[in-house]
Amino acid sequence: MVRLKGSCTIKPAKPTPNHRLWLPDLDLIMTTTHAPLVYFYERTDAAIDFFSPEFMKDSLSRALVKYYPLAGRLHPGPSDRLELECNATGVLFVEAESDAQIDDFGDFKPGPGLRELVPNIDYNTYMGEWPLLLVQLTLFRCGGVCMGIGINHTIVDGSAVFQFISEWARIARGDAHVGIDPFFDRTILRARDPPVPPAFKHEEYDRPPLMLGHVDDHEVRSKETTVEMLRLTREQVNKIRQQATGCSLFQSVAGHVWRAACKARGLHHDQPTKMFVPVNGRGRLHPRLPDGYFGNVLFITTPAGRCGDLVLNPLSHSASRVKEAVEMMTDDYLRSALDFFACHKDLTPFRRGSYTLGWTQGTFYGCPNINVTSWLGMPIYDADFGWGPPIHMGPAALGFEGKAYLIPTREGDGSMLLPIRLQVAHMKAFKDSIYHGLQRINASL
């Protein structure tokens, strides 16, 4: 049980620019709900003023001077197109406490227990009233702390979120090193003017395949689901890579997850399936976007196939499908995707799924499909506010069936976490399939 002690609005410590930011289509296709993240910290005997709320509020206020758009609000602009109004209205800061201990959260599996550690928003209210950033500090009986973060995904992607958190942490611990300056001008992601037809078909934005014999996804959405937090040791990851020669770490493991899901679901061999993979376009566009670009630069690629081909062939087959799809994401292809969106007045059909369980708006990526997001290589453990890095960082919730993450562990030894939501009827078979043929070292079964 989490008890809320109080809340307040934190504004930038100094005056900040007051203007509106134009939002590109890559922002507008993202869900307008908040992505819930959790950072857990253990207290040491030597810790002084450990995560003092006043200290965290002060450092957050100073961080918002540099990242002032986070203190703004979303509002409709011309033709009702959303814009980001930078008006220093502020962010929500909540103080809470719990009789739980950090150990009670076990493997930090996303679910209701973690979701309580991130502030909630009433999405039935006017969007212009929603803070874009939500912060909750929860103190546990053991003295440890969880910092729960909710951030509106229309504003930023994972790369931008972790950039901000790292800067906030730098300011808090008094590090004089100057981090990367944020870049707020999003017009560099405008489609070509005048608009031109896309050079590619962009089947990745087609409606996801349905179950054979179904005309919609209503029945699949109604199935009972569950979440597990699996762990792949370095040895297991290396064994997967050995079976997918020539593929990257992500391509190998993602192919393994896709193949295992098809096996666990017992799908017909003729069943079409896609894996939806968000790809960071920052280093793929030419010229390269500024390092501090603060927004969404996520494009989707969709390796596709038939379940029989994925299940009956070795792992190298599914991993190579992922590799081909990722390598297709060149500057020409991404520019064509921007043109593709510009040709559609209504972007609703392309909007990404929500983090809120049961939310029916946006694309559904569940059975027979899967959505795998990679945080491999992200600086997720750089969030040292002066008392050491977090002992765990991850999502607080997985909003739909078929959603999975690949997350590096805090040990930094090549092992990884795999939180995933699947139908209850499929989860045991999925775990068996994931670990089949791998040496079971410290595997969460």
Side-chain angles (χ1 to χ4, degrees), residues 21-31 69 81 84 153-163 180-206 208 244 246-255 274-305 319-345 347 349-352 363 365 371-379 406:
L21 286 174
W22 178 85
L23 299 180
D25 294 335
L26 287 181
D27 289 331
L28 300 182
I29 63 171
M30 303 304 292
T31 176
R81 183 186 179 96
L84 174 51
H153 213 334
T154 301
I155 302 305
V156 287
D157 58 16
S159 294
V161 171
F162 299 137
Q163 175 189 334
I180 298 173
D181 288 330
F183 184 88
F184 298 132
D185 182 6
R186 305 183 185 208
T187 60
I188 61 175
L189 284 181
R190 283 187 185 274
R192 282 170 275 213
D193 189 21
V196 298
F200 299 87
K201 290 186 64 176
H202 295 288
E203 295 179 350
E204 66 270 25
Y205 297 109
D206 289 348
C247 295
S248 70
L249 173 62
F250 167 75
Q251 294 158 7
S252 303
V253 179
K274 279 186 175 182
M275 180 165 66
F276 290 79
V277 179
V279 173
N280 188 345
R282 285 171 173 77
R284 295 174 181 270
L285 290 164
H286 298 295
R288 180 187 175 95
L289 296 189
D291 289 341
Y293 183 87
F294 199 68
N296 287 286
V297 201
L298 292 182
F299 296 83
I300 291 291
T301 190
T302 52
S320 64
R321 290 287 182 94
V322 180
K323 179 181 181 180
E324 292 167 2
V326 172
E327 289 180 345
M328 183 177 66
M329 307 296 278
T330 63
D331 176 71
D332 287 341
Y333 195 88
L334 302 188
R335 296 289 177 186
S336 174
L338 297 179
D339 295 332
F340 171 84
F341 291 128
C343 292
H344 293 81
K345 291 184 178 180
L347 297 175
F350 312 114
R351 186 157 293 142
R352 305 277 290 279
T363 304
Y365 301 106
N371 181 303
V372 180
T373 295
S374 172
W375 284 352
L376 303 176
M378 294 280 198
L406 299 182

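- Residues R282 and D157 come closest through the heavy atom pair NH1-OD2, 2.8 Å.
- What you find for N296 and I155 is that their closest heavy atoms are ND2-C, 3.7 Å.
- When atom types are taken as modelled, the side chain of R351 and the backbone of L28 share a donor-acceptor pair closer than 3.5 angstrom.
- Taken to the nearest 0.5 Å, the CZ atom of R284 stands 12.5 Å off from the OH atom of Y333.
- Of all heavy-atom pairs spanning I188 and R335, the tightest one is O-NH1, 4.1 Å.
- The minimum heavy-atom distance linking A191 with D339 is given by the pair CB-OD1, 3.8 Å.
- Remark: side-chain polar atoms of N371 are not paired, donor with acceptor, to backbone N or O of Y365 under 3.5 angstrom.
- A 4.5 Å side-chain heavy-atom check between L285 and L189 finds at least one atom pair inside the cut-off.
- Side chain of T373 to backbone of L406: no donor-acceptor contact under 3.5 angstrom is found.
- Two residues are said to be in side-chain contact when any heavy atoms from C-beta on lie closer than 4.5 Å; V372 and M275 meet this criterion.
- Side-chain contact of D332 with T330: a donor-acceptor pair under 3.5 Å is absent, judged by distance alone.
- Applying the side chain to side chain contact (heavy atoms under 4.5 Å, CB included) test between P303 and each of R321, K323, K274 identifies R321 as the sole match.
- Using bins of under 30°, 30° to 60° and over 60° for the plane-to-plane angle, the ring pair Y205/F350 lands in the perpendicular bin.
- Counting heavy atoms from C-beta outward, V156 and Q163 have side chains that stay 4.5 Å or more apart.
- Ion pair D25/R81 flagged as a salt bridge, since at least one NZ, NE, NH1 or NH2 atom sits closer than 4.0 Å to an Asp/Glu carboxylate oxygen.
- With S374 contributing its side chain and F250 its backbone, the two residues share no donor-acceptor pair below 3.5 Å.
- Looking at heavy atoms from C-beta onward, S159 lies out of side-chain contact with V297 at the 4.5 angstrom threshold.
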Going through the checks in order, is the side-chain contact (heavy atoms from CB on, under 4.5 Å) test met by L26 and L338? CA-CA 8 Å; L26 287 181; L338 297 179; 4.0 Å; yes
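- Rounding to the nearest 0.5 Å places CZ of R192 at 7.0 Å from OG of S336.
- Going from atom CZ of R190 over to atom CH2 of W22 covers 4.5 Å, rounded to the nearest 0.5 Å.
- The shortest non-hydrogen separation linking H344 to F340 is ND1-O, 2.8 Å.
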Show the numbers, then the answer: is there a side-chain contact (heavy atoms from CB on, under 4.5 Å) between L298 and I29? CA-CA 10 Å; L298 292 182; I29 63 171; over 6 Å; no
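- Inter-residue side-chain proximity for D193 and P195 is flagged as met; some heavy-atom pair is nearer than 4.5 Å.
- In this structure the side chain of W375 reaches within 4.5 angstrom of the side chain of F162, judged on heavy atoms.
- Scanning all heavy atoms of the two residues, the minimum distance from P198 to H202 falls at CB-CD2, 4.0 Å.
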